[in-house]
Number of protein chains: 2
Amino acid sequence: MTASQAKVMDCEDEGVGHGCMDDELGFHLRRSQVAAFKHFAQTVTVAEGITPGLYGMLQVIANTPGLTQSALAEAMDVDRSSIVKVVNQLVEKGHIVRDAVPADKRSYHLRMTASGKSALRRIEDAVMRQDRDFSAALSDAERTTLISLLKRLYR
Amino acid sequence: MTASQAKVMDCEDEGVGHGCMDDELGFHLRRSQVAAFKHFAQTVTVAEGITPGLYGMLQVIANTPGLTQSALAEAMDVDRSSIVKVVNQLVEKGHIVRDAVPADKRSYHLRMTASGKSALRRIEDAVMRQDRDFSAALSDAERTTLISLLKRLYR
DNA sequence: GAGAGATTGTTTACCAGGGCAACAACTTTT
DNA sequence: AAAAGTTGTTGCCCTGGTAAACAATCTCTC
């Protein structure tokens with residue numbers, strides 16, 4: 001135990017004062033998200049090599065037939081140029097392919113491969129287990145409440 | 001309206017399918033946090049030049065006398081080396097100073113300057129307004145519930 | 001005390017993720 | 001046919017984080 005640790009041990013939480021931030025939703029949102037990300041990294045990412053962002057894209061691609069890169073960018077709320085690298089990663093992993101579109105030679109339709117589909121099923125299981133594990137401190141009802149409150153924040 | 005947009009318009013949300021992700025807490029946590037960050041950037045950051053991370057550090061420094069950089073790193077859950085740049089920024093802005101510690105010549109005590117304190121009061125107001133504005137879709141009771149649920153996630 | 005071992009702040013290199021601007025190829029509109 | 005818009009892509013930049021190395025300093029152990 002160092003001197004600095006002892007000095008802050010007499011407060012709540014990690015021992016440091018947070019001031020008025022305890023009333024701020026954004027603060028707790030950020031901390032929760034960081035914790036969720038680390039939990040995800042220690043389970044799904046280490047096992048399947050998939051980050052939360054990649055997983056989200058895989059789900060959107062799997063559930064939206066005829067999705068183009070621009071539409072994916074809009075759905076993910078990021079720039080078109082950011083999509084290129086991610087799609088390249090998923091293609092390299094063999095999860096998806098770029099299908100040429102006869103009607104529009106500029107764009108591609110993103111489509112899951114067979115191995116991508118089975119990989120997604122496997123990853124889904126891991127993610128669901130991870131998510132339940134991460135929210136183990138909450139009852140099912142509390143978890144449902146939390147999700148519905150969060151949804152209303154970003155819509 | 002492009003063809004791709006029309007193609008996905010027949011689903012819920014932004015029109016893209018999310019698969020089983022609607023049941024995943026981490027997914028909604030991430031989306032909410034991204035939305036909160038963007039809201040913060042468009043208000044506080046543009047007005048005061050302070051990011052959510054910098055604001056959090058300022059609060060911890062203001063509320064923890066005798067805080068060293070290592071203790072701050074531990075409190076923020078980041079590497080010591082990441083702290084250096086951030087502290088430099090806050091020093092350059094004149095918000096804080098590094099106080100030499102006679103008892104330990106290796107470390108510094110981070111302390112708010114007078115102008116830093118008044119700046120923090122101003123920023124606090126802006127952050128609180130921003131936070132209320134961001135969570136305007138929720139009632140006060142719902143907001144309180146949400147915060148207490150989030151707290152239980154990362155502890 | 002002397003020396004081995006931690007700790008602190010710092011620098012350097014590195015990587016992930018995203019924004020912005022430019023661009024060629026292509027489509028749509030005028 | 002020509003102008004204007006869209007799509008995917010590349011290059012460069014910024015932010016923010018990790019990891020390793022290092023000098024200075026403190027602490028523990030013998």
Side-chain angles (χ1 to χ4, degrees), chain A residues 1-7 30-31 33-35 37-38 40-42 45-46 49-57 66-92 96-110, chain B residues 1-7 30-31 33-35 37-38 40-42 45-46 49-57 66-92 96-110:
Chain A
M1 166 92 48
T2 68
S4 63
Q5 280 175 329
K7 185 160 296 179
R30 193 156 59 94
R31 295 210 76 137
Q33 201 270 327
V34 169
F37 196 94
K38 289 195 173 177
F40 194 104
Q42 288 167 1
T45 304
V46 71
I50 290 286
T51 61
L54 285 182
Y55 174 65
M57 302 225 179
L67 186 75
T68 64
Q69 292 187 191
S70 288
L72 179 57
E74 190 185 1
M76 292 285 116
D77 204 20
V78 295
D79 199 81
R80 284 200 319 275
S81 58
S82 304
I83 291 292
V84 179
K85 316 165 191 176
V86 180
V87 168
N88 283 341
Q89 287 181 49
L90 294 178
V91 169
E92 284 166 15
I96 67 172
V97 287
R98 287 178 168 100
D99 274 349
V101 182
D104 190 340
K105 288 172 186 166
R106 295 170 303 178
S107 61
Y108 303 103
H109 283 350
L110 303 177
Chain B
M1 166 95 45
T2 68
S4 62
Q5 281 174 329
K7 185 160 295 179
R30 192 157 61 94
R31 295 211 77 140
Q33 200 270 330
V34 168
F37 195 95
K38 288 194 174 176
F40 194 105
Q42 288 167 1
T45 303
V46 72
I50 289 285
T51 61
L54 285 182
Y55 174 65
M57 301 225 178
L67 186 76
T68 63
Q69 292 187 190
S70 287
L72 179 58
E74 190 185 0
M76 291 286 116
D77 204 19
V78 295
D79 199 82
R80 286 200 316 276
S81 56
S82 305
I83 291 293
V84 179
K85 317 168 189 173
V86 181
V87 168
N88 284 341
Q89 288 180 51
L90 295 178
V91 169
E92 282 167 16
I96 67 172
V97 287
R98 286 180 169 97
D99 274 349
V101 182
D104 190 340
K105 289 173 186 165
R106 294 170 304 178
S107 61
Y108 303 104
H109 284 174
L110 303 177

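A, B, ... follow the sequence lines: proteins, then strands. Residue 1 opens every chain.
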May I have the distance from B/Q69 (atom CD) to D/dT25 (atom P), rounded to whole angstrom? 16 Å
Here the pair of heavy atoms bringing B/R80 nearest to B/S70 is CD-OG, 3.0 Å
What's the CG-P distance between A/D104 and C/dA24, to the nearest Å? 19 Å
So CD of A/Q33 and CZ of A/R30: to nearest 0.5 Å the spacing works out to 10.0 Å
Send over the distance from A/L72 CG to C/dG18 P, rounded to a whole Å. 11 Å
Can you tell me how far P of D/dG8 sits from CD1 of A/I96, to the nearest Å? 12 Å
By nearest atom, which of the nucleotides D/dT9, D/dT25, C/dT10 is closest to the A/Y108 side chain? D/dT9
Under 3.5 Å, is there a donor-acceptor pair between the side chain of A/T68 and the main chain of A/H109? no
What's the closest nucleotide to the B/V84 side chain, out of C/dC26, C/dT10, D/dT9? C/dT10
Can you confirm whether B/L110 sits close enough to B/R98 that some side-chain heavy atom of one is under 4.5 Å from a side-chain heavy atom of the other? yes
Output the distance between atom CG (A/N88) and atom CD1 (A/I83), rounded to the nearest 0.5 Å. 11.0 Å
C/dT27, D/dT7, C/dG9: which one has an atom nearest the side-chain heavy atoms of A/S107? D/dT7
The answer to which of A/P102 and A/L54 contacts DNA chain C further toward the 5' end, by nearest nucleotide, is A/L54
From B/T45 OG1 over to B/K38 NZ, what is the distance, rounded to the nearest 0.5 angstrom? 13.5 Å
OP1 or OP2 of C/dT7 versus the side-chain N and O atoms of B/S70: is any pair under 4.0 Å? no
Roughly, in whole Å, what's the span from NE2 in A/H109 to P in D/dT6? 18 Å
A correct 5'-to-3' footprint of nucleotides 12-23 of chain D, with B, S and - meaning base, sugar-phosphate only and no protein heavy atom under 4.0 Å, is ----SBBB----
Both A/R106 and A/R98 contact DNA chain D. Taking the nearest nucleotide for each, which residue is further toward the 5' end? A/R106
Atom CD in B/Q69, atom CD in B/E74: separation rounded to 0.5 Å? 14.0 Å
How many Å lie between CG on B/D99 and C1' on C/dG9, as a whole number? 16 Å
